[in-house]
Amino acid sequence: MSNLARKVLEQQQAEQSVQIKRQIKIKKSWLTPGEKIIGVVFAGMVCFGAIHLVSNQSKIYEANKDLQSVQDKINEQEKVNGDLKVQVSELSSYDRIFAKAKEMGLVKDENNVKVVQQK
């Protein structure tokens with residue numbers, strides 16, 4: 001029976017050593033905590049940079065759109081100004097002014113004519 005008691009003791013010690021070994025075994029992580037922190041910070045910076053880049057592109061697009069609309073308004077106003085200049089030149093012709101003067105009852109007096117020179 002002493003052999004049997006010894007076998008039981010050896011089995012108990014073997015089980016205890018297996019349990020101790022299991023408790024001692026430490027999981028090794030693929031990355032250290034410092035590397036994880038650096039990775040998270042880097043990913044955050046990349047996300048921030050991407051958002052900042054998209055935001056800047058959006059602002060540039062809006063500015064270009066506003067610039068284009070202002071340019072269109074300028075072109076339209078230049079056309080209107082050109083049309084008005086043509087209309088002024090047509091209305092300021094000598095024949096038209098003379099016809100209007102006759103309608104109003106004015107007569108041409110050669111002695112009362114003053115010449116004005118343009119600068």
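- Heavy-atom contacts from other residues, nucleotides or ligands closer than 6.0 Å to CD of Glu62 number more than 12.
- Pairs engaging residues 61-91 under the ring-ring contact (aromatic ring centres under 6.0 Å, His included) rule: none recorded [sequence neighbours left out].
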**OP:** Check the pair Val54 / Gln57 against side chain to side chain contact (heavy atoms under 4.5 Å, CB included), numbers first and verdict last.
**Re:** CA-CA 5 Å; Val54 169; Gln57 288 296 330; 5.7 Å; no
**OP:** Decide side-chain hydrogen bond (donor to acceptor under 3.5 Å, both in side chains) for Asn81 and Gln77; before the verdict, give the C-alpha distance in whole Å, the side-chain angles of both, and the deciding distance to 0.1 Å.
**Re:** CA-CA 6 Å; Asn81 289 350; Gln77 190 63 42; 3.3 Å; yes
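- Taken from OG in Ser69 to CG in Leu67, the straight-line distance is 8.0 Å, to the nearest 0.5 Å.
- Asp66 places none of its side-chain heavy atoms less than 4.5 Å from the side chain of Val70.
- For the atom pair Lys79 NZ and Asp83 CG, the distance stands at 9.0 Å (nearest 0.5 Å).
- Atoms OG and CG, on Ser89 and Leu84 in that order, are 11.0 Å from each other to the nearest 0.5 Å.
- Glu90 and Arg96 get closest at one heavy-atom pair: O-CD, 4.0 Å.
- How far NE2 of His52 is from CE of Met45: 12.5 Å, rounded to the nearest 0.5 Å.
- For Leu91 against Ile97, the heavy-atom pair with the smallest separation is O-CG1, 4.2 Å.
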